[in-house]
There are 2 protein chains.
Amino acid sequence: MAPSITTTHDRLLEAAGEVFADAGFREARIRDICARAGANIAAVNYHFGGKEGLYRAVLEHAECHAGGAVALDAMARLDPEDQLRAFVRGFMARMFEQGKPAWQGKLMVREMADPTEALDRVVERIIRPHWELLVEIVARVAGPGVDRESVELCAASVIGQCVLYRNCGPIIDRLSPGHRQARNDREAAQATIERTARHIADFSLGALAAMRARARADGGPA
Amino acid sequence: MAPSITTTHDRLLEAAGEVFADAGFREARIRDICARAGANIAAVNYHFGGKEGLYRAVLEHAECHAGGAVALDAMARLDPEDQLRAFVRGFMARMFEQGKPAWQGKLMVREMADPTEALDRVVERIIRPHWELLVEIVARVAGPGVDRESVELCAASVIGQCVLYRNCGPIIDRLSPGHRQARNDREAAQATIERTARHIADFSLGALAAMRARARADGGPA
DNA sequence: GGTTGTTTAAAACACCTGTTTTACCTTGAG
DNA sequence: CTCAAGGTAAAACAGGTGTTTTAAACAACC
């Protein structure tokens, strides 16, 4: 990181965002963060009171830069099906992209795999908005005949498919070599993500269509 | 653990199995393992050469007790659809059950979330057999018109849905309170697992049916 | 210009965790 | 009984990590 543009406080925040997003809270080393920020180790304690304080600050910072991802309005004109496609694509992108906008997604997934003290805050501020949006979309796709519990199970199914690729990359690479995510080739990686997102959306839409049809068959004539 | 029934070597292996399965390799503390085994800390190094050696020994031990879970033969008489249901139910059970038979499943999922040096071994000896079986089942359900890559993506979708509930329990509890997994009430937990497994199987079967229909529509007339 | 409060830097600290050492105990053969 | 070998126990060790201390550099103000 360029140590010239901002204050130590801000450089620390920036560097911590990257490191926490990539390594998670526990595996992140504050010596590493400080090295990237060109700051002294004691600076973390001085400015943020400790590693946890720094993590909380990064979360707050990430919340501000949430962007318009969690906006149903932006997709209001789309079919529910296309809304789901857009959601999955956006969700996947957030998990794999590089740069600041992706922090939120990565931190979210990290907190899923390995919760910290800040779990409640992360759930309420970051995860729940995404979740509510997805549930809303799934409910529309599934149609009115499907009860809330089933809708939530379906939403969880969608999330599960997405998260797998983030958390189990090494195993997927070994099991399904053709799917190897070219880590260095940005374009190839992007294409793989795109393809995977399309599969997840299609898979889920197929499932939801079946569920809708079944609900109609069950509930309609009754 | 009862320190009376076996040798220190075996008690250590037993205790390590539990702790590694529940906490994962990194989070497991050998002091904790030794306490459960009623053994001295130095015993780990004496008998297994270190924490990693102990982990490898546990894996070997778990491989022997694989049981007949990875047997397509046992389900040969079922429809492919019921084979998938059986697979999902068995997979979920392995991840959540308590006791020795569940080690393998838990270690497998742990290695997914947080790989160790033994990843290659775990993949080849434990994960791949399950994977090949699942791919085989999915291929049958999807029918001959679906290519291998799509089948593998679908298999990954199934696994992703299952693994989510193991790795993201705390978040699911918070997002979907109705689904709360009663940790202490064995029966309620069992019922929840059963219900979730049924959902995952139905969801996936719906998706695969749609995919099969589409493949037939695309490929048949062509 | 001196003083005061803020920020930075280097080192030391305390804690946790896997490992090693050292001595002791138990056992079984000769 | 003696002694050698394998196993066990307690303590010390070494490496890494977050934190604290101490002093120095800097900036703003009277």
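Residue numbers start from 1 in every chain, and the chains themselves are labelled A, B, ... in the order their sequence lines are given, proteins ahead of strands.
Salt bridge status for Glu149(A) with Arg195(B): present, with a side-chain N to carboxylate O gap under 4.0 Å. Electrostatic pairing of Asp22(B) and Arg110(B) does not count as a salt bridge here, judged by no charged N lying under 4.0 Å from a carboxylate O.
The phosphate of dT20(C) has OP1 or OP2 within less than 4.0 Å of a side-chain N or O from Asn45(B). Listed pair Thr8(B) / dG7(D) fails the phosphate criterion, with no side-chain N or O lying under 4.0 Å from OP1 or OP2. Between His47(B) and dT8(D), a side-chain N or O to OP1/OP2 separation shorter than 4.0 Å is present.
Counting non-hydrogen atoms under 4.0 angstrom, Ala43(A) reaches nothing in the nucleic acid. Within 4.0 Å (heavy atoms only), Arg31(A) reaches at least one base atom of the nucleic acid.
Comparing His9(B) and Ile41(B) by the nucleotide of DNA chain D that holds the closest heavy atom to each, the one mapping nearer the 5' end is His9(B).
When distances are taken from the side chain of Arg29(A) to each of dT8(D), dG18(C), dG18(D), the shortest belongs to dG18(D). Closest to the side chain of Asn40(A), from the set dA9(C), dT19(D), dA10(D), is dA9(C). Residue Lys51(A) places its side chain closer to dG18(D) than to any other of dG18(D), dG18(C), dG6(D).
In this entry the distance linking CZ of Phe20(A) with C1' of dG18(D) reads 11 Å, nearest Å. Rounded to an integer number of Å, the gap from CZ of Phe48(B) to C1' of dG7(D) is 14 Å. As a whole-Å value, the separation of Asp10(A) CG from dT7(C) C1' is 14 Å. In this structure, CD1 of Ile33(A) is placed 12 Å from C1' of dT17(D), rounded to the nearest angstrom. We find that OH of Tyr46(B) is positioned 7 Å from P of dG6(D), with the value rounded to whole Å. Look at CG on Leu12(A): it is 15 Å from C1' on dT19(D), rounded to the nearest Å.
Relative ring orientation between Phe203(A) and Phe203(B) is described as tilted, the plane-to-plane angle lying within the 30° to 60° band.
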Before you tell me yes or no, could you show the steps for Glu97(B) and Arg186(B) under salt bridge (Lys or Arg N to Asp or Glu O under 4.0 Å), namely the whole-Å CA-CA distance, both residues' side-chain angles and the distance that decides it to 0.1 Å?
CA-CA 10 Å; Glu97(B) 271 175 9; Arg186(B) 287 283 285 270; over 6 Å; no

Under the salt bridge (Lys or Arg N to Asp or Glu O under 4.0 Å) criterion, do Arg56(A) and Glu60(A) qualify, and how do the steps go?
CA-CA 6 Å; Arg56(A) 276 193 295 270; Glu60(A) 282 183 42; over 6 Å; no

